[in-house]
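The structure appears below as structure tokens.
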Amino acid sequence: MLKQGFIAELVARIDELEGSNVRVCGWLHSVRDVGRIKFLVIRDRTGTIQAVFKRGCCDEEKFRRAGKLRLETVLCVDGELVRGRTKEGVELRARDYAVLSEPVEPLPLEPATSHEAGLATRLNYRWLDTRNPRVTGIFIVEAAVARAFREYYRERGFVEIFTSKIVAAGTESGAEVFPVIYFGREAYLAQSPQFYKQMAVIGGFERVYEIGPVFRAEPHHTTRHLTEYHSLDIEMGFIEGPEDVMREVEGFFRRVRSDLLGDQVTRSVLEMYGIDDIRIPREIPRITMREAYKVLEERYGKKLPYGEDLDPEAERLLGRYASEEYDSDFIFVTEYPWGSRPFYTMRLESEPDWTTGFDLLYRGLEVVTGSQREHRLDRLMANIRDKGLEPESFKFYLDFFKHGAPPHGGAGMGLERIVMQTLRLGNIREARLLPRDPERLTP
RNA sequence: GCCGCGGUAGUAUAGCCUGGCCUAGUAUGCGGGCCUGUCAAGCCCGUGACCCGGGUUCAAAUCCCGGCCGCGGCGCCA
């Protein structure tokens with residue numbers, strides 16, 4: 001290996017390494033050439049360190065050139081690690097350096113200040129944008145959320161599954177699908193693993209989870225939609241009602257909170273974004289849709305037609321309600337109207353206009369959707385007809401229910417939305433390394 | 001898909017309403033120079049831009065139309 005270790009590690013080990021020779025590899029972050037002494041700041045993913053070049057430190061030609069290196073040059077500097085009056089408290093007394101790669105044209109984006117550039121420019125040059133620690137931090141948080149998801153559900157007896165993303169039929173929600181040509185036949189990119197995760201539960205796994213991409217061919221132009229995003233899905237059998245699913249969702253968000261706040265690296269990212277806490281009370285408040293209509297109208301003067309879905313403003317207001325009334329960043333909205341839920345949702349036994357469907361709002365944005373699913377074949381077919389659909393077109397799905405299906409339910413969560421809301425990002429594209437939207441297909 | 005706003009050097013912006021004073025200003029980057037402890041380094045010199053197409057006008061960065069792209073809101077969704 002050319003590189004001995006991350007800069008932050010070297011800095012942290014100063015007591016042990018002081019006075020010894022180390023090699024620092026990374027990108028040239030800044031140059032302050034003061035004549036006979038030159039300061040080069042080297043950056044890697046973990047931090048920066050200042051390398052000091054004094055006349056006589058190395059051969060004259062190399063010394064002269066050190067002050068002329070372009071920003072973002074990739075290099076390794078050898079030298080003695082010493083304490084210094086720098087921000088890190090540590091600096092490198094340089095003896096030699098090797099340039100590994102130099103920029104061949106002017107930088108279209110300056111990494112140090114990339115977060116001040118327009119988002120379109122940043123995305124066009126994502127490989128420069130992500131050299132900014134504020135930006136890398138987003139994806140370190142994203143990785144931590146994904147890891148928390150896998151660990152939490154594995155510990156809770158769920159099995160990770162990997163379902164196909166090339167499917168024969170558009171699935172459930174009526175969202176537009178991307179067609180693909182599959183050996184001459186028409187196929188689609190999966191818009192959700194919904195049917196397959198239910199199949200896995202019915203197939204005896206009982207409890208499953210999956211992290212995977214999903215595709216929506218909707219021409220949205222908003223700060224919270226992507227045409228490709230990551231869905232965190234769970235599905236579990238032998239439940240008594242949607243509350244069993246909600247409890248598992250709630251536990252996961254508690255885990256996200258404790259992981260993010262408990263780890264020094266993710267905690268410092270949160271601090272960069274001015275986030276000092278993620279508020280989850282002893283129990284996340286729950287409000288039925290029918291109560292929500294009332295709260296919205298009486299408290300905020302927001303009138304929603306009875307039986308209608310929440311619009312974005314209503315979501316924001318309920319987020320505010322959770323914050324003011326319960327000191328919570330989260331609120332479950334339950335018992336969604338049948339009219340705004342997909343056919344596989346189980347309806348309430350005594351009030352079939354309302355369902356077991358729920359959403360979880362995080363700081364006023366929907367990040368989770370779930371429900372108990374209808375596992376009784378006759379009811380399921382009736383629900384399909386009730387939606388004006390043809391049971392024949394869902395034959396492959398309905399077949400799952402013919403050979404013994406336990407009562408079950410589950411939820412789908414948007415990874416990028418969770419990250420966006422956690423860091424209070426203004427646009428979901430920031431939370432995705434390579435976002436796809438109706439206009440953007442590269443890089 | 002609908003509605004609104006916008007597109008000026010590599011980047012971020014000023015100028016546009018009220019056309020001529022724009023040879024298009026500023027910061028940063030980039031190129032060169034000075035400086036032995038800088039850390040938002042400093043100082044000096046230089047470089048570099050009006051999205052594309054059409055129209056109005058003596059004259060267009062500025063006004064009008066179309067296209068493309070961007071930003072935001074809505075519908076729909078996670």
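Proteins get letters first, then strands, A, B, ... in listed order; numbering begins at 1 in each.
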(message) In whole Å, I'd like the distance from the CD atom of A:E60 to the P atom of B:U36.
(response) 13 Å

(message) Between A:R417 and A:E439, which residue's closest nucleotide on RNA chain B lies nearer the 5′ terminus?
(response) A:E439

(message) Quick one about A:N383 and A:W338 (side-chain donor to acceptor, distance below 3.5 Å, no hydrogens or angles considered), yes or no?
(response) no

Listing time: all N or O pairs from protein to nucleotides 25-31 of chain B that are below 3.5 Å?
from: B:U28; atom 1: O2'; to: A:E110; atom 2: OE1; distance (Å): 2.9
from: B:G29; atom 1: O4'; to: A:E110; atom 2: OE2; distance (Å): 3.4
from: B:G31; atom 1: OP1; to: A:R70; atom 2: NE; distance (Å): 3.2

(message) Between A:H221 and A:E439, do the side chains contain a donor N or O and an acceptor N or O under 3.5 Å apart?
(response) yes

(request) Can you tell me the distance, in whole Å, between the CZ atom of A:F53 and the P atom of B:A41? (result) 17 Å

(request) Considering only NZ, NE, NH1 and NH2 on the basic side and carboxylate oxygens on the acidic side, decide whether A:E72 and A:R43 come within less than 4.0 Å. (result) yes

(message) Could you check whether A:E18 pairs with A:R13 (Lys NZ or Arg NE/NH1/NH2 to Asp/Glu carboxylate O, under 4.0 Å)?
(response) no

(message) In whole Å, measure the gap between the C1' atoms of B:A9 and B:G48 for me.
(response) 5 Å

(request) Can you tell me, in whole Å, how much space there is between the C1' of B:U47 and that of B:G10? (result) 12 Å

(request) Indicate yes or no: does A:R347 engage A:E374 in a salt bridge with an N to O separation below 4.0 Å. (result) no

(request) Determine the interatomic distance between C1' on B:C77 and the same-named atom on B:G4; round to the nearest Å. (result) 22 Å

(request) Please measure how far the P atom in B:C64 lies from the corresponding atom in B:U57, and state the result in whole Å. (result) 16 Å

(request) Identify, with sequence neighbours excluded, every residue that meets salt bridge (Lys or Arg N to Asp or Glu O under 4.0 Å) alongside A:K197. (result) A:D233, A:E235

(message) I need the CZ-P distance between A:F215 and B:A78, as an integer number of Å.
(response) 16 Å

(message) I'd like the P distance from B:U28 over to B:C68, given in whole Å.
(response) 38 Å

(message) Does B:G72 have its OP1 or OP2 closer than 4.0 Å to a side-chain nitrogen or oxygen of A:N427?
(response) yes

Identify each atom pair where a protein N or O and an N or O of nucleotides 4-9 of chain B are less than 3.5 Å apart, giving names and distance.
none

(request) Look at the side chain of A:T223 and the backbone N and O of A:N427, then say whether any donor-acceptor pair between them is shorter than 3.5 Å. (result) no

(request) Before accepting this row, confirm whether a basic side-chain N of the pair A:R126/A:D129 lies closer than 4.0 Å to the acidic partner's carboxylate O. (result) yes

Please produce a list of atom pairs where a protein N or O lies less than 3.5 Å from an N or O of nucleotides 1-3 of chain B.
from: B:G1; atom 1: N7; to: A:P219; atom 2: O; distance (Å): 3.0

(message) Quick check for you: to the nearest 0.5 Å, what is the distance between A:E228 atom CD and A:R436 atom CZ?
(response) 6.5 Å

(request) List in chain and number order the residues that pass salt bridge (Lys or Arg N to Asp or Glu O under 4.0 Å) with A:E186, two or more places apart in sequence or in another chain; answer none if no residue qualifies. (result) none

(request) Answer with yes or no whether the side chains of A:H230 and A:R432 bring together a donor and an acceptor at under 3.5 Å. (result) yes

(message) Whole angstroms only, please: what is the CZ-P distance between A:R316 and B:G72?
(response) 13 Å

(request) Round to a whole Å and report the spacing from NE2 of A:H115 to C1' of B:A12. (result) 12 Å

(message) By the definition ring pair (Phe, Tyr, Trp, His ring centres under 6.0 Å), identify the one residue from A:Y321, A:F358, A:F253 that meets it with A:F330.
(response) A:F253

(request) State which residues pass disulfide bond (SG atoms under 2.5 Å apart) with A:C58; sequence neighbours excluded, sorted by chain then number. (result) none

(request) Find the distance A:D309:CG to B:G75:P and express it as a whole number of Å. (result) 9 Å

(message) Checking A:K165 now: which residues fulfil salt bridge (Lys or Arg N to Asp or Glu O under 4.0 Å) with it, not counting sequence neighbours?
(response) A:E210

(request) Nearest whole angstrom, please: distance from the C1' of B:G75 to the CG of A:D311. (result) 10 Å

(request) Would you sketch RNA chain B in dot-bracket for me? Only Watson-Crick or G-U wobble pairs with both distances under 3.5 Å count, crossing pairs as [ ], other-strand pairs as |, the rest as dots. (result) (((((((..((((......[....)))).(((((.......)))))....(((((..]....))))))))))))....

(message) If the condition is side chain to side chain contact (heavy atoms under 4.5 Å, CB included), which residues does A:P337 pass it with, not counting sequence neighbours?
(response) A:M289, A:Y293, A:S340, A:W354

(message) If I pick the C1' atom on B:U8 and the same atom on B:A14, what distance separates them, to the nearest angstrom?
(response) 9 Å

Sort me out a list of protein N/O and nucleotides 66-68 of chain B N/O pairs below 3.5 Å, or just none if empty.
none

(request) Strictly below 4.0 Å, heavy-atom distances to any atom of RNA chain B: list the hits from residues 22-43 of chain A, or just say none. (result) A:R32, A:D33, A:V34, A:G35, A:R36, A:I37, A:F39

(message) Quick test of your reading of the model: are A:E416 and A:R224 salt-bridged, counting only N-O distances below 4.0 Å?
(response) no

(request) Determine the Euclidean distance between corresponding P atoms of B:C63 and B:C71; express it in Å to zero decimal places. (result) 23 Å

(message) Quick test of your reading: applying side-chain hydrogen bond (donor to acceptor under 3.5 Å, both in side chains), list the pairs with at least one residue in residues 358-370 of chain A, sequence neighbours left out, ordered by first then second residue.
(response) A:D329-A:R363, A:Y336-A:D359, A:R341-A:D359, A:D359-A:T369, A:Y362-A:T422, A:E366-A:T369

(request) Return yes when atom CZ of A:R440 has more than 12 non-hydrogen atoms of other residues, nucleotides or ligands closer than 6.0 Å, and no otherwise. (result) yes

(message) Between B:A60 and B:C17, how many Å separate the two C1' atoms, rounded to a whole number?
(response) 15 Å

